[in-house]
Each structure stands twice: as C-alpha cells, then as structure tokens.
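Predicted, not measured: the structure shown is a model, and the values here were computed from it.
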Amino acid sequence: MRDTPQASELLAWYDRHARDMPWRVSPGQRRAGQRPDPYRVWLSEVMLQQTTVAAVRGYFHRFTLRWPTVADLAAAEDTQVMAEWAGLGYYARARNLLKCARAVMADHGGRFPDTRDGLLDLPGIGPYTAAAISAIAFDQPETVVDGNVERVMARLFDVATPLPTAKAELTHLAAGLTPRDRPGDYAQAVMDLGATICTPRNPACGICPWRTPCRARAAGTAPDLPRKLPKKPKPVRVGYAYVGRRTDGAWLLERRPDSGLLGGMLGWPGSTWSEVQPARNPPMLADWQMLPEEARHTFTHFHLRLKVLIADLPVDADPNAGHFVDRHAFRPSDLPTAMRKVFDLARDAFTTEGAGIGKDTGHG
DNA sequence: GACACGTGGTC
DNA sequence: TGACCAAGTGT
C-alpha cells in the first residue's frame, strides 16, 4: 500500500517542529543513520505511560545516569529502584520495569526484542508500548495508539462514538495512515501533534498540518471530541498514619506489600483506609499526639484524608510494625507523594514542638 | 469490559 | 477548590 498524503504532510511538519527530548533521536539524526538506544526508548515509554513529558524528564535523567544500560538496571536492588521512582506514581510500572530488565538479561541475551509480539511478552509492556518501541527504536511499521492518537483520529474522522467503545475503530483508522516510510518518526509525530496542536481543550486547528482533511474541524465538533463515557464519583476514604521519631532521630517506617496501592513503596505505619473511620492501631505504645490538620491526597479512584499522629519514641523502642530508618539514611523524596504529605505535616509539628510552640502541655 | 492503579498541571 | 487530563498495563 502507498503511504498517504496525510502521513507525508505530518512528517514534513515533524521535520520542522519535533520536540527535543533526551530519549529521542531527531529526524536529522535519523537521516544520518542514527538509531535511538532501545533501552532508553523502553525506559522513556514506560515512564510516559499516563504521565506528562515534563514530569518524566528529571526521572529519566536520574535513571539513565545511575543505570546507563539494561544490564545495570537489572542488577540494581529493588528498594533502590523503587526509591528512585518515588513521586512518579503508578508504582507497578517500577516493579515491572525491574522484572522486564531482568527478563531481557536472562531470556534475550541483554537485547530487547525488535518485534511487537516479542515485546508484548515482557512485563509492563502492553499494546501501546510494544508498538512504540518497535516503531521508534527499530523503525518497524507498527501503529501506536495512545490517548493522543485516539483524540487525533476521533477528530480527523469525526468519530462520535464515545471511548472506550470507539477504541477499536480509532485503532483501525490510525493503522490505515501508518506509513512504510519513517514509521518511527511518524509515530512520534502523531503524538507530538496531539500534545501540542490537537490538544484536549482549545485545539490550535488554524496551524494544524491536518486542518484541510480534518472532518471535525469542518463540522465544528473538534473541541468536543473524543467523547467519553461519564466517570464515577470518587468516594472519600479516611485513615490514620503514625509518624514516630526515635530520640536519636531515626524514623519508624514500613515497606508496603508488593501488590496493591503504593505496592513496594516505603510509608508510615497506620490503619487501613476505608469510607468509615477505621480503628486506631499505633505501631507501638507511646504518647501519640494527633495533629490539627489532616493530610489530604487524591488517588485515581478515591480521595484520602489521613489523620496524622506523632510521637517521640525511646532508643529501646520495639515496634510491632515497621522498622527504624536512620535519620541520615531517610530521604523524604524516597516516599510516594501521599506519604510525603504526611511527613511534611509531621516534620512541621516536630519542629514547632522543639521550639516550644504549639505543643499541648496538658496545662493549658 | 470493568476496575485498580499516582501524580502534578490547568482551568 | 475541584474536576479533568496525560505517551496504559495487569487482573
């Protein structure tokens, strides 16, 4: 099949407007025969899942500085990788990242498969990421379909069917445009178009390289596409979090189970989080003081309000939950954001207490 | 197909 | 302040 005029038009636009990203090889560099490092393409694609480019940049820089190759990453300690991922969210990605790196070393001789099907077998690599790595790193004519591509196709072909029902149709339409020439650049071009021109709100149709063929623009429906099924409301869950500080400055932390919310991450001991107030369950007997302010955080599917309790603990403390982390070994940046918010409140309280301010002395 | 799974930016 | 949104995958 011949490549479409739309594909050529978009590639011409990409040659002029490709965004600069540390994992990317520019169109000019590609012409000079340069290919991106599959390890960096894979790492960036996993980090970019449901995440913005701005949020990923710093993490990508730190990961590649610390683990320059897939062999380095495969040899890393789990806790080190989880700590480096802290704050980026969707922590199953980090756990699968390690599994994938180790599978590449153990089963593929340290090289990433270059086909979509080969990549699909690896942990954390689904239909989107398999197509993206295959296209971008190996220039295979695979069709990438992410949220950007769905939006661009829904508008280009004026598809009124709501997502996720429309997914199969949009994938088919996208496949019909994927060129045999420069599929890697093309994949990035459609996503760049969606990220910079064909945006969810206020699309810049006037400067779009596809403004002429775009049916939604002609129909005036572009800003309303793609349609989406209404979302469920988020319930509020509540719970307790206990921030204990030993006299020598060590903090009482706990490693969360590998599965489930914030799986594998460091956190504060505490209650379960539920829609009804759970029972208090301090990790040890102590003079726990509840802070006046709650830690608030919103996850994908619920709002969380945590009551924070703090206490000074003796040097011979023997808690029934968690373990002490030396004050020099503890970095708040190793915590997922919800837990870091708890720490921020507790740290302020410990500080004002030390200064003799705000402490409930029981005399007053 | 439905749901669990994070976070920070934007309006 | 709150709802929506972003380069999805696993179960």
Side-chain angles (χ1 to χ4, degrees), chain A residues 19 21 23-24 40-60 82 85-97 99-100 119-133 135-137 142-152 162-168 171 174 184 186-196 198-203 223-224 226-237 256-265 267 273 296-304 333 335-341:
Chain A
R19 293 192 291 171
M21 300 179 199
W23 48 84
R24 190 176 264 187
R40 294 164 67 91
V41 172
W42 163 72
L43 181 61
S44 67
E45 289 299 340
V46 173
M47 286 182 167
L48 285 164
Q49 290 168 9
Q50 297 288 283
T51 309
T52 58
V53 170
V56 163
R57 283 184 189 275
Y59 284 87
F60 181 83
M82 298 313 286
W85 194 277
L88 197 53
Y90 283 137
Y91 298 99
R93 293 184 296 171
R95 299 194 300 274
N96 285 328
L97 192 78
K99 283 188 199 165
C100 183
L119 289 159
L120 263 179
D121 285 337
L122 292 165
I125 298 185
Y128 162 77
T129 306
I133 297 173
I136 296 169
E142 298 290 349
T143 302
V144 301
V145 182
D146 69 340
N148 287 309
V149 178
E150 288 175 354
R151 183 173 57 257
V152 169
L163 286 168
T165 311
K167 172 101 179 172
T171 298
Y186 176 83
Q188 295 171 98
V190 192
M191 293 191 282
D192 272 19
L193 185 71
T196 62
C198 196
T199 51
R201 286 173 292 208
N202 304 317
D224 306 318
R227 293 173 63 181
K228 293 188 178 179
L229 262 18
K231 291 172 182 169
K232 289 183 175 178
K234 294 183 205 286
V236 176
R237 293 188 194 172
R256 298 174 63 85
D258 259 350
S259 63
L261 194 67
L262 308 181
M265 299 301 291
W273 303 339
R296 287 184 169 212
H297 189 74
T298 297
F299 292 100
T300 313
H301 50 298
F302 66 94
H303 300 288
L304 177 64
S333 62
L335 298 173
T337 300
M339 297 294 176
R340 205 204 62 232
K341 287 180 179 176

> Between A/Phe299 and A/Phe302, how do the two ring planes meet: parallel, tilted or perpendicular, split at 30° and 60°?
Replying inline: tilted
> Relative to the 5' end of DNA chain C, which residue comes earlier, A/Trp23 or A/Asn96, by the nucleotide with the nearest heavy atom?
Replying inline: A/Trp23
> Please give, in whole Å, the distance from C/dG8 P to A/Met191 CE?
Replying inline: 9 Å
> Once you round it to whole Å, what is the distance between C1' of C/dA6 and CE of A/Met47?
Replying inline: 16 Å
> What integer distance in Å separates A/Leu163:CG from C/dC5:C1'?
Replying inline: 13 Å
>> Classify A/Gly194 by what it touches in the nucleic acid, base, sugar-phosphate, or nothing, heavy-atom distance under 4.0 Å.
In response: nothing
> Which whole number of Å gives the distance between the P atom of B/dG6 and that of C/dT11?
Replying inline: 14 Å
>> Please classify the nucleic acid contact of A/Thr337 as base, sugar-phosphate, or nothing, using heavy-atom distances under 4.0 Å.
In response: sugar-phosphate
> Which nucleotide span of DNA chain B, 5' end to 3' end, has atoms closer than 4.0 Å to non-hydrogen atoms of chain A?
Replying inline: B/dC3 to B/dG8
> What does A/Lys99 touch in the nucleic acid at a heavy-atom separation under 4.0 angstrom: a base, only the sugar-phosphate, or nothing?
Replying inline: nothing
> Does C/dG8 have OP1 or OP2 sitting under 4.0 Å from an N or O in the side chain of A/Gln50?
Replying inline: yes
> Could you give the NZ-to-P distance, from A/Lys231 to C/dG2, as a whole number of Å?
Replying inline: 17 Å
> At under 4.0 Å between heavy atoms, what does A/Val46 touch on the DNA or RNA strands: base, sugar-phosphate, or nothing?
Replying inline: nothing
>> Is A/Lys232 close enough to C/dA3 that one of its side-chain N or O atoms is under 4.0 Å from OP1 or OP2 there?
In response: no
> In whole Å, what is the span from the CZ atom of A/Arg93 to the P atom of C/dG8?
Replying inline: 9 Å
> With distance as the sole criterion, is a donor-acceptor pair present between the side chains of A/Lys234 and A/His303 under 3.5 Å?
Replying inline: no
> How many Å lie between CG on A/Asp192 and C1' on C/dA6, as a whole number?
Replying inline: 14 Å
> What's the spacing between A/Met339 CE and A/Leu262 CG if we round to 0.5 Å?
Replying inline: 5.5 Å
>> Test your reading of the model: is there a side-chain donor-acceptor pair from A/Thr51 to the backbone of A/Gln49, 3.5 Å cut-off?
In response: yes
> Is there a side-chain polar atom (N or O) of A/Arg151 under 4.0 Å from OP1 or OP2 of C/dA6?
Replying inline: yes
> Whole-Å distance between C/dG8 P and A/Glu150 CD?
Replying inline: 9 Å
> Heavy atoms under 4.0 Å, any strand shown: does A/Gly87 hit a base, just sugar-phosphate, or nothing?
Replying inline: sugar-phosphate
> When the nearest nucleotide of DNA chain C is assigned to A/Leu120 and to A/Glu45 on a heavy-atom basis, which residue is associated with the more 5' position?
Replying inline: A/Glu45
> At under 4.0 Å between heavy atoms, what does A/Ala338 touch on the DNA or RNA strands: base, sugar-phosphate, or nothing?
Replying inline: sugar-phosphate
>> Taking the six-membered ring of A/Trp273 as reference, does the cationic atom of A/Arg296 (NZ for Lys, CZ for Arg) lie under 6.0 Å from its centre and within 45° of its axis?
In response: no
>> Regarding A/Pro127, tell me which of base, sugar-phosphate or nothing describes its non-hydrogen contacts under 4.0 Å with the strands shown.
In response: sugar-phosphate
>> Categorize A/Met265 for me: base, sugar-phosphate, or nothing, with a 4.0 angstrom heavy-atom threshold over every strand shown.
In response: nothing
>> So, using ring-ring contact (aromatic ring centres under 6.0 Å, His included) as the criterion, who are the partners of A/Phe60 when residues are at least two apart?
In response: A/Trp23
> Between A/Lys228 (NZ) and C/dC4 (P), how many Å, whole number?
Replying inline: 11 Å
> Is A/Ile125 touching bases, backbone alone, or none of the nucleic acid, heavy atoms closer than 4.0 Å?
Replying inline: sugar-phosphate
>> I'd like to know if the side chain of A/Arg256 and the backbone of A/Gly267 have a donor-acceptor N/O pair within less than 3.5 Å.
In response: no
> Looking for any heavy atom pair under 4.0 Å, which part of the strands does A/Ser44 touch: base, sugar-phosphate only, or nothing?
Replying inline: nothing
> Taking only residues two or more places apart in sequence, or in another chain, which ones meet A/Asp192 in a side-chain hydrogen bond (donor to acceptor under 3.5 Å, both in side chains)?
Replying inline: A/Arg24
> Of A/Phe302 and A/Asn202, whose nearest nucleotide on DNA chain B comes first from the 5' end?
Replying inline: A/Phe302
> Any donor-acceptor pair under 3.5 Å linking the side chain of A/Thr129 with the backbone of A/Gly126?
Replying inline: no
> Nearest nucleotide by nearest heavy atom, which residue falls closer to the 5' end of DNA chain B, A/Thr52 or A/Pro164?
Replying inline: A/Pro164
